[in-house]
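We name chains A, B, ... by the order of the sequence lines, and we start the count at 1 in each one.
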2 protein chains.
Amino acid sequence: MTETDAPTTVRRGPGRPPSTHAQEAIRVAARRLFSAKSYGGVSVREVAAAAGVDPSLVIRHFGSKEALFLQTMTVDESFRGLVEGPLEELGRLILERLLTVRGGAAVSTYAALIGAIDRPEVRSYLEASADRHVVRPLAERLTGPDRHLRARLVATQVNGLLFDLRGRPDAGLAGRPTAEVLQVYARALQALIDDPTA
Amino acid sequence: MTETDAPTTVRRGPGRPPSTHAQEAIRVAARRLFSAKSYGGVSVREVAAAAGVDPSLVIRHFGSKEALFLQTMTVDESFRGLVEGPLEELGRLILERLLTVRGGAAVSTYAALIGAIDRPEVRSYLEASADRHVVRPLAERLTGPDRHLRARLVATQVNGLLFDLRGRPDAGLAGRPTAEVLQVYARALQALIDDPTA
DNA sequence: TTGATTGAGTCAACGCCGTTGGCAGAAAGG
DNA sequence: CCTTTCTGCCAACGGCGTTGACTCAATCAA
């Protein structure tokens, strides 16, 4: 076959082909440990031991501890399509998707990311992620004044909720079940989604 | 609070009297560095050098890096009396106090604390602080259903705003000035403060 | 087949970190 | 006096993220 087709295989020169075996083991171990503990609470040596590889191999393959963290802890899948649906009930819809979809994976992953918010690259990723999946698509749909600012502040409200839900996988806030929290907080989101002049 | 008498001088036995000289230098240096950088971005050795003392002395006097952090970075002064005032405009009042009082010291201090949210003791302090200064006093004043939950979610909204304001001392959010952010976000807070059945 | 090239995996080490123990001296009380 | 208590300094510990040197395996080109 020629090198112009076969999109699944990349043109490579001589040499041993890359193996995804250890990489996957590291990724799985890192995802589990980072979710259970936190960025600072997990050492590269610990991830390596859980994956059954040498600590230096982790850095070799992923560049740095922070790069490994960013590659394994992503929220884009949970955020995609978050602000779709009728505007009149979008506040409730957003929260439903965040808290219930995929067993609340967004919550625990976001918790880990917030725990590493010290790191400039983590902060950049979270800002870009919120901008791409929430602020910009929502601002386009809103009507009335201050559309971009209102969309940004909806993201702020979501950040606050995800921040406060840290470490409480299924239980809600202040001892309240998720459904109750969802219903009340949806009103607050809706206050920024609705056109204030209408 | 259970001191018997002589609040300024403590009963002491023989020995050299404690000096507050180095402690204060360490406290000042720590406050400045932790505010400018973050918990993880400042080393004990760095604080010690800025204060002109030995690194081991920092630990000797404060117990640990985390204890020094918690002793120097407190938000209670900024939070006290935060939810006082007429309920009809309390949303605006809360944000005004947070963003403008004492040059926004609450924002930068809170940013540093959030940056160390990994640490269980830091998380406990923030939760207790929000509970003491926001949730409980506000819940007592609210009317209508779900008073405690609504008060808790107002704190959640505040957390979201302080989280998103990280590192932007005076500038607002999304390029908007503080006043504009304040006015719009106040509506969102007010949506939880107002009695939904009224 | 042979040789070059590329990546996998191992080991020891580097510099920095928070923290601890030991020790010399100073300032108080008995 | 001696004892006690605190200061300040030094060296060291174990752990951290990361790097360099090295061996070995797998692939391609000649």
Problem - With B:Asp195 via side chain to side chain contact (heavy atoms under 4.5 Å, CB included) - residues at least two apart - result: B:Thr143, B:Pro145, B:Thr197, B:Ala198
Exercise for the section: Please state how far atom NZ in A:Lys65 lies from atom P in D:dT18, giving the value in whole angstrom units. Expected result: 8 Å
Exercise for the section: Would you tell me whether A:Tyr110 and A:Asn159 have side-chain atoms, one donor and one acceptor, within less than 3.5 Å of each other? Expected result: yes
Handout entry: 5' priority, DNA chain D, between A:Gly63 and A:Glu46 [closest heavy atom]
Key = A:Glu46
Problem - Rounded distance (Å) that lies between atom P of C:dG9 and atom CZ of A:Phe62 - result: 12 Å
Exercise for the section: Just call it for A:Val42: base, sugar-phosphate, or nothing, with non-hydrogen atoms closer than 4.0 Å on any strand. Expected result: sugar-phosphate
Problem - Between CZ on residue A:Arg119 and CD on residue A:Glu66, distance to nearest 0.5 Å - result: 5.0 Å
Exercise for the section: Calculate the interatomic distance between B:Ile59 atom CD1 and C:dC17 atom C1'; express it in whole Å. Expected result: 11 Å
Handout entry: A:Ile193 vs A:Arg150 side-chain heavy atoms within contact, under 4.5 Å
Key = no
Completion exercise
Rounded to whole Å, the CD-P distance (A:Glu24 to C:dA8) equals 14 Å
Handout entry: d(OH, A:Tyr39; C1', D:dC16) in whole Å
Key = 11 Å
Fill in the blank from the handout: The nucleotide from C:dG25, D:dG8, D:dT18 with an atom nearest the side chain of A:Pro55 is D:dT18
Exercise for the section: Please examine the side chains of A:Leu165 and A:Val181, heavy atoms only from C-beta on, and report whether any two atoms are closer than 4.5 Å. Expected result: no
Practice task
Take atom CG of A:Leu68 and atom P of D:dG17, then tell me their distance rounded to the nearest Å.
Solution key: 11 Å
Exercise for the section: Have a look at B:Gln23 and say if it touches a base, only the backbone sugar-phosphate, or nothing, with a 4.0 Å heavy-atom cut-off. Expected result: sugar-phosphate
Handout entry: Under 4.0 Å protein heavy-atom contacts per nucleotide of nucleotides 11-16 of chain C, with B for base, S for backbone only and - for none
Key = B-B---
Practice task
Can you tell me the distance, in whole Å, between the CZ atom of B:Arg16 and the C1' atom of C:dA27?
Solution key: 6 Å
Problem - side-chain N/O A:His21 vs C:dG9 OP1/OP2, d < 4.0 Å - result: no
Practice task
Give the rounded distance in Å between these two atoms: CD1 of B:Ile26 and C1' of D:dG8.
Solution key: 11 Å
Problem - Side chain to side chain, A:Leu98 and A:Val107, heavy atoms closer than 4.5 Å - result: no
Practice task
Using the six-membered ring wherever Trp is involved, compare the ring planes of A:Phe163 and B:Phe163 and label them parallel, tilted or perpendicular (cut-offs 30° and 60°).
Solution key: tilted
